[in-house]
Amino acid sequence: MDKALEKFGNDIAIAFSGAEDVALIEYAHLTGRPYRVFSLDTGRLNPETYKFFDAVEKHYGIHIEYMFPDAVEVQALVRTKGLFSFYEDGHQECCRVRKVRPLRRALKGLKAWITGQRKDQSPGTRSEIPIVQVDPVFEGLDGGIGSLVKWNPVANVNGLDIWNFLRTMNVPVNSLHSQGYVSIGCEPCTRPVLPGQHEREGRWWWEDAKAKECGLHKGNLKQEDAAQLNGNGTSQGNGSATVADIFISQNVVSLSRSGIENLAKLENRKEHWLVVLYAPWCRFCQAMEESYVDLAEKLARSGVKVAKFRADGEQKEYAKSELQLGSFPTILLFPKHSSQPIKYPSEKRDVDSLTAFVNALR
């Protein structure tokens, strides 16, 4: 913890989820260095968790930096699918709106983050986490894959030792722990565990054990499990998967095969078109989702259309031969008055970098 805070200063923050993560704050406090703490308020946490947040702030004299989901996205999800759709079709869609996208926004302002992941928390998904790693999914302040460092300082610490530490230091803990809750998340998706049950069995108990990640630590998953995780889908032989779609926005045009073929044939387009060739199960596509949607909103009514074309499965060979697809995501600009699309060359997929690319070629 001391090394992490010394190296990154104000560009690193502790991800506080309201369970044993208070140990991370206590460790940071003991270093005597300044530190930042952020938390994701999904809007569906237990009342006890909110009281715990308040107690932690007062105990340490800090202000937790709360991140909230986008109200329009939550409204659309609830109006379309109801309050408890995750019991029927899996928790990933709700977690993506309420947790993953707010986390992306938080991490884009940092160069590193600190998590409370432990190997003994989830043998199926966390047994191989390192102490320090380049974040395999999210982007940091400088943009692009590899721009964010992830610290897991208690990766090798046993959960019982964490609790001995908390009791010794006499710090606040969530009162739900005394009611049988071990791993604590949102109220509808968390329940107490019985003696002898693993702590993660109280999370998303209606789903397969391999799916017990919300997407915040999706980089822990092996590729075949990640494809299934994204929407409780199953990987198929052609490389596609039955997963929830991404880049969903009224400002992003969804192109069919005939749609992108027609776009490619036009020699005198009335507008510039920016198109991402993507696969919804691809973690790099998921990582740029918020940036791309934000870009689409920024470019609305600017003379640039922003679109997407799902290029996996049966469309992959066409995309490779006709649309310069090398890997997912591939981003193409179809300029006005030009038949040839221009491929975006960088792995930096933040709004500013993509905007600079568009503006340079308009």
Side-chain angles (χ1 to χ4, degrees), residues 73 76 80 96 139 143-145 227 230-231 233 235-362:
E73 291 183 347
T80 303
R96 188 166 66 243
E139 298 183 4
I145 300 301
N230 288 326
S235 297
Q236 300 169 351
N238 59 9
S240 67
T242 306
V243 297
D245 200 13
I246 56 177
F247 304 124
I248 299 174
S249 167
Q250 62 181 2
N251 297 312
V252 178
V253 179
S254 183
L255 293 173
S256 63
R257 168 72 175 267
S258 60
I260 199 164
E261 285 178 338
N262 289 335
L263 177 65
K265 292 175 183 176
L266 288 174
E267 295 187 3
N268 289 293
R269 303 178 190 91
K270 295 181 179 180
E271 296 175 293
H272 305 280
W273 282 74
L274 188 72
V275 181
V276 60
L277 312 180
Y278 75 103
W281 46 263
C282 166
R283 67 188 188 191
F284 301 112
C285 300
Q286 295 165 5
M288 69 166 282
E289 180 182 19
E290 187 166 351
S291 293
Y292 198 71
V293 170
D294 289 348
L295 179 70
E297 181 178 349
K298 182 178 180 180
L299 294 177
R301 297 173 298 278
S302 71
V304 180
K305 289 283 190 182
V306 179
K308 63 179 184 178
F309 173 65
R310 181 166 178 174
D312 63 342
E314 296 176 356
Q315 308 302 334
K316 192 170 183 179
E317 287 305 314
Y318 162 74
K320 289 174 69 174
S321 63
E322 303 296 330
L323 298 174
Q324 307 177 53
L325 175 67
S327 60
F328 297 117
T330 292
I331 303 170
L332 301 175
L333 180 72
F334 291 82
K336 278 173 67 174
H337 312 306
S338 174
S339 60
Q340 293 299 317
I342 301 169
K343 186 175 180 178
Y344 180 64
S346 174
E347 290 191 354
K348 288 189 175 183
R349 304 180 184 111
D350 57 282
V351 173
D352 290 342
S353 298
L354 291 170
T355 301
F357 170 69
V358 171
N359 289 339
L361 298 171
R362 292 172 78 166

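Numbering starts at 1 and runs along the sequence shown. These numbers were taken from a predicted model, which means no experiment stands behind them. Reckoned from all heavy atoms, side chains included, excluding hydrogens, waters and symmetry mates.
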Does anything in residues 326-336 form a side-chain hydrogen bond (donor to acceptor under 3.5 Å, both in side chains)? List the pairs, not counting sequence neighbours. none

Does Gln250 have any side-chain contact (heavy atoms from CB on, under 4.5 Å) partners at least two apart in sequence or in another chain, and if so, which? none

Testing Gln315, Lys316, Glu317 for side chain to side chain contact (heavy atoms under 4.5 Å, CB included) with Leu325, which one passes? Lys316

Contacts of type side-chain contact (heavy atoms from CB on, under 4.5 Å), residue Gln324, not counting sequence neighbours: Leu332, Pro341, Lys343

Taking every heavy atom of Gln286 against every heavy atom of Pro280, the minimum-distance pair comes out as NE2-O, 2.9 Å

Non-hydrogen atoms of Glu289 and Ile248 that approach each other most closely: OE2-N, 4.4 Å

Taken to the nearest 0.5 Å, the spacing of Met288 CE from Glu347 CD works out to 12.0 Å

Starting from the C-alpha separation in whole Å, work towards a yes-or-no answer on side-chain contact (heavy atoms from CB on, under 4.5 Å) for Ser353 and Tyr344. CA-CA 10 Å; Ser353 298; Tyr344 180 64; 3.4 Å; yes

Just to verify, what does Ser256 make a side-chain hydrogen bond (donor to acceptor under 3.5 Å, both in side chains) with, not counting sequence neighbours? Ser258

Pairwise distance CD1(Ile246) to NZ(Lys308) - rounded to 0.5 angstrom: 7.5 Å

Which donor-acceptor pairs under 3.5 Å do side chains of residues 354-362 form with protein atoms, sequence neighbours excluded?
residue : atom : partner : partner atom : Å
Thr355  : OG1  : Val351  : O            : 2.7
Asn359  : OD1  : Arg362  : NH1          : 3.2
Asn359  : ND2  : Thr355  : O            : 3.4
Arg362  : NH2  : Ser302  : O            : 2.6

Write down the atom of Asp350, the atom of Gly143, and the distance for their closest heavy-atom approach. OD1-CA, 3.9 Å

Which residues pass the side-chain contact (heavy atoms from CB on, under 4.5 Å) test with Ala307, not counting sequence neighbours? Val253, Leu255, Trp273, Val275

Within residues 255-264 or reaching into it, pairs that qualify as salt bridge (charged side-chain N to carboxylate O under 4.0 Å, His left out) - sequence neighbours excluded: Arg257-Glu261

Measure across Ala296 and Val252 and return the closest heavy-atom pair with its distance rounded to 0.1 Å. CB-CG2, 3.6 Å

For Tyr278, give me all partners under ring-ring contact (aromatic ring centres under 6.0 Å, His included), at least two apart in sequence or on another chain. Phe247

Yes or no on side-chain contact (heavy atoms from CB on, under 4.5 Å) for Tyr292 and Leu274, after CA distance, side-chain angles and deciding distance? CA-CA 10 Å; Tyr292 198 71; Leu274 188 72; 4.0 Å; yes

Answer yes or no: is there a side-chain heavy-atom contact under 4.5 Å between Arg269 and Leu263? yes

Compare every heavy atom of Pro329 with every heavy atom of Arg349, then report the nearest pair and how far apart it is. NE-CG, 3.6 Å

Between Leu266 and Phe334, does a side-chain contact (heavy atoms from CB on, under 4.5 Å) hold up when you go through it step by step? CA-CA 9 Å; Leu266 288 174; Phe334 291 82; over 6 Å; no

Residues which pass side-chain hydrogen bond (donor to acceptor under 3.5 Å, both in side chains) with Ser291, listed by chain and number, not counting sequence neighbours: Lys108

Where do Phe284 and Phe328 come nearest, in terms of heavy atoms and distance? CB-O, 4.1 Å

Go through the structure and list residues passing side-chain contact (heavy atoms from CB on, under 4.5 Å) with Glu73, not counting sequence neighbours. Asp70, Val97, Arg101

